Amino acid sequence: MPIAIAPLRLLALLFVLALLALLAACGGGPGDEEVEKVVQDRISQAFPQGAVKLDGLRRIGSSPATGGDADAGGGERRIVYYNATLAVDRDIDLSSWQGLNLGAVASLLGATEKGISGLKQGGNKQGDKLYVHGTVTYVEEDGQWRPIRTAHAPVAAPPPEDNTGPPAQARQIVETIRKLFEQAGPAANQRSIITEELEKAYFRIRLRLDRLEGSFVILGGPEAGEYYQVASIIAETLRQANMTGRALASDGSVENLGVLAAGRADAALAQNNIAMRAVDARSPFTGDAAVRDLRALASLFPEQVHVILSPRAEVTSLADLKGKRVDVGQPSSGTRVDAEALLAAAGLTLKDLGEVREQGLGGGLAALARGELDAVIATVSAPARSVQAMAEGSGIEFLSLSESEQAKLAGEGAGYVPAAMPAGTYSGQDQPVRTIAAAALLTARADLPDAEVETLLRQIFDGIDFFAAGSPAGSQISRASARTGVGIPWHPAAERFFATATGAEAGR
């Protein structure tokens with residue numbers, strides 16, 4: 001005879017069973033000692049030897065992890081969550097251009113950039129405490145748990161604002177374009193043309209509206225990149241100084257300087273080597289395209305030139321790119337100039353490649369994952385989030401330049417500096433990658449008022465905590481490196497700003 005159970009008692013029993021199942025799930029996987037050992041090891045990779053130690057760790061549960069790939073062995077994957085306190089035993093500064101930055105450290109510790117608190121924009125002193133809300137992901141192999149690296153992407157930024165023109169007219173135009181797009185049929189090139197023209201139109205509309213509203217316009221780069229994120233953080237902070245700031249996405253350095261020269265923006269981020277070309281009237285800024293009155297406001301952060309390879313590419317040198325399928329960056333980007341410089345160092349041109357694509361980092365990585373490309377060249381602050389995700393997923397390799405290639409590219413006044421991506425910058429990257437880097441400059445025209453320059457720089461260097469904002473590139477912005485790689489004339493107000501700051505620091 002079945003036993004009758006009252007409805008409330010049944011609900012309580014079901015709740016207890018669910019709770020026990022949840023606790024069992026949280027208790028699965030590696031234990032406290034295994035997790036602590038992995039975190040200890042990753043701290044030693046993330047910080048200079050003896051600078052930071054693990055002061056306490058609490059394992060707070062685990063859960064099954066979805067995904068998996070061949071490198072992970074295809075076994076069960078599990079995420080273990082932990083909270084940790086780190087003690088700073090020796091002064092550290094993650095804003096240094098020479099070591100791992102906020103993004104790389106967060107990736108090593110299985111955290112988002114905002115999952116590490118206590119880091120300070122000007123560096124941390126002995127005795128400081130850091131707090132980490134992190135994870136360790138494991139894969140089971142032959143009954144043993146092996147730790148693996150995973151990428152943790154931040155919440156996506158909201159989309160840009162819509163056109164605010166007359167509603168009826170705007171709707172009519174949108175409907176006309178929609179029909180045109182549908183009539184283009186399946187031919188990818190026709191729809192691509194429409195998309196490209198719409199992007200250009202949106203950019204021009206946004207610029208005109210912002211100028212009409214009297215906004216201080218800062219040009220960034222592609223929406224997924226660090227230029228745009230840093231420009232957005234700066235623009236948002238300008239409101240604290242009673243300035244209406246607006247950050248706009250763009251193709252990158254070349255387009256930014258052209259728009260800036262036309263007087264349609266107030267400031268722009270650009271690679272230092274591209275800025276030098278603009279001032280010196282070198283390609284792609286020859287003739288009337290030269291920007292003679294371009295001025296430097298500050299050097300912000302380094303941008304390493306990445307040559308990202310498919311594991312099947314069989315490329316071990318720049319010369320091996322001959323005949324390969326390569327994305328060389330968008331036509332109006334600094335990456336495009338850098339890609340051509342890399343090829344030239346090996347005696348190659350774009351014509352020597354088997355196939356040339358101009359999609360940029362996001363589109364290039366997607367094509368690489370589909371097996372449509374052998375390599376993607378991108379100039380971006382490391383670690384780039386999209387590159388992190390692919391390194392953890394399908395797997396990639398990086399081309400390390402030879403010493404002679406690096407020396408050749410860093411010489412001849414080209415604006416590049418020798419650089420290395422330290423081991424651990426990306427998942428699976430066990431060795432340093434020798435490369436070159438450009439400096440991301442904040443630039444303006446010579447006629448930008450001194451008061452606006454001073455307000456802008458004071459907000460950037462005294463009013464913004466890029467660590468708290470979760471910006472890996474922004475975390476490397478500091479007064480100590482503000483003059484690094486500047487190869488164009490300074491704006492007088494910026495020169496006075498840093499001269500005053502240096503004098504004040506020397507007097508302390």
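Worth saying up front: this structure is predicted, and the values here are computed from it rather than measured.
Other residues, nucleotides and ligands contribute more than 12 heavy atoms inside 6.0 Å of the CD atom of Glu372. When the shell of 6.0 Å around CG of Asp142 is examined, it contains 12 or fewer heavy atoms from other residues, nucleotides or ligands. By the neighbour-count criterion of 12 heavy atoms within 6.0 Å, atom CD of Gln431 is sparsely surrounded, having that number or fewer from other residues, nucleotides or ligands.
Considering only heavy atoms from C-beta on, Val35 comes within 4.5 Å of Tyr138 through its side chain. The shortest distance between side-chain heavy atoms of Leu350 and Arg336 falls below 4.5 Å. With contacts defined as side-chain heavy-atom distances shorter than 4.5 Å, the pair Phe47/Leu130 qualifies. Inter-residue side-chain proximity for Phe398 and Val387 is flagged as met; some heavy-atom pair is nearer than 4.5 Å. Side-chain contact between Pro331 and Asp251 is absent, with no heavy-atom pair separated by less than 4.5 Å. Leu361 places a side-chain heavy atom less than 4.5 Å from the side chain of Ile308. Counting heavy atoms from C-beta outward, Thr425 and Val433 have side chains that stay 4.5 Å or more apart.
Using modelled atom types, no side-chain atom of Arg149 and backbone atom of Gln388 make a donor-acceptor pair closer than 3.5 Å. The closest donor-acceptor contact from the side chain of Glu34 to the backbone of Gly31 lies under 3.5 Å. Between the side chain of Gln406 and the backbone N or O of Thr435 there is at least one donor-acceptor pair closer than 3.5 Å. The backbone N or O of Glu392 lies less than 3.5 Å from no partner atom in the side chain of Ser427, so there is not a single donor-acceptor pair. Without hydrogens or angle criteria, Thr335 side chain to Thr379 main chain gives a donor-acceptor distance under 3.5 Å. At least one donor-acceptor pair under 3.5 Å links the side chain of Arg59 to the backbone N or O of Pro30. Between the side chain of Lys324 and the backbone N or O of Ala375, no donor-acceptor pair lies under 3.5 Å. In this structure a side-chain-to-backbone donor-acceptor pair under 3.5 Å is present from Gln121 to Ile477. Put simply, the side chain of Gln429 gets close to the backbone of Met421: a donor and an acceptor are under 3.5 Å apart. For the pair Ser253 (side chain) and Gln271 (backbone), a donor-acceptor distance under 3.5 Å is present.
Salt bridge absent: Glu33 and Lys37 never bring a charged side-chain N and a carboxylate O closer than 4.0 Å. No salt bridge links Arg78 with Glu140; every basic N to acidic carboxylate O contact stays at or beyond 4.0 Å. Residues Arg385 and Glu226 are paired through a salt bridge, judged by an N-O separation under 4.0 Å between the basic side chain and the carboxylate.
Closest approach of Val52 to Ile43, counting heavy atoms only: O-CG2, 3.6 Å. Listed here is the closest heavy atom pair of Ile233 and Ala469: CD1-CB, 3.8 Å. Pairing each heavy atom of Pro432 with each of Ser400, the nearest pair is O-OG, 4.4 Å. Considering every non-hydrogen atom in both Phe498 and Ala298, the closest pair reads CZ-CB, 3.8 Å. The nearest pair of heavy atoms linking Ala346 to Leu318 is CB-CB, 3.6 Å. Nearest heavy-atom pair across Leu100 and Leu94 is O-CD2, 3.5 Å.
By the side-chain contact (heavy atoms from CB on, under 4.5 Å) test, Ser96 pairs with Gln98, sequence neighbours left out.
A donor-acceptor pair shorter than 3.5 Å cannot be found between the side chains of Thr137 and Arg77. Between the side chains of Thr237 and Gln240, no donor N or O sits under 3.5 Å from an acceptor N or O. Between the side chains of Ser107 and Tyr426, no donor N or O sits under 3.5 Å from an acceptor N or O. With hydrogens and angles left out, the side-chain atoms of Ser475 and Asn101 include no donor and acceptor closer than 3.5 Å. Asn273 and Tyr416 form a side-chain donor-acceptor contact under 3.5 Å, judged by distance and modelled atom types alone.
A side chain to side chain contact (heavy atoms under 4.5 Å, CB included) with Val486 holds for exactly one of Leu441, Leu297, Asn272; it is Leu441. Tested against Leu373 for a side chain to side chain contact (heavy atoms under 4.5 Å, CB included), the candidates Leu365, Val326, Leu368 yield a single pass: Leu368. Results of the salt bridge (charged side-chain N to carboxylate O under 4.0 Å, His left out) test with Lys120 over Asp465, Asp91, Asp128 single out Asp128 as the only residue that passes. Across Asp320, Ile377, Leu342, Val307, a single residue satisfies side chain to side chain contact (heavy atoms under 4.5 Å, CB included) together with Leu399, and that is Val307.
Atom CG of Leu456 sits about 9.0 Å away from atom CZ of Phe461, to the nearest 0.5 Å. For the atom pair CG (Asp41) and CG (Leu54), the distance works out to 12.0 Å, reported to the nearest 0.5 Å.
Taking the six-membered ring where tryptophan is involved, the planes of Phe301 and Tyr227 are perpendicular, since the angle between them exceeds 60° and thus also 30°.
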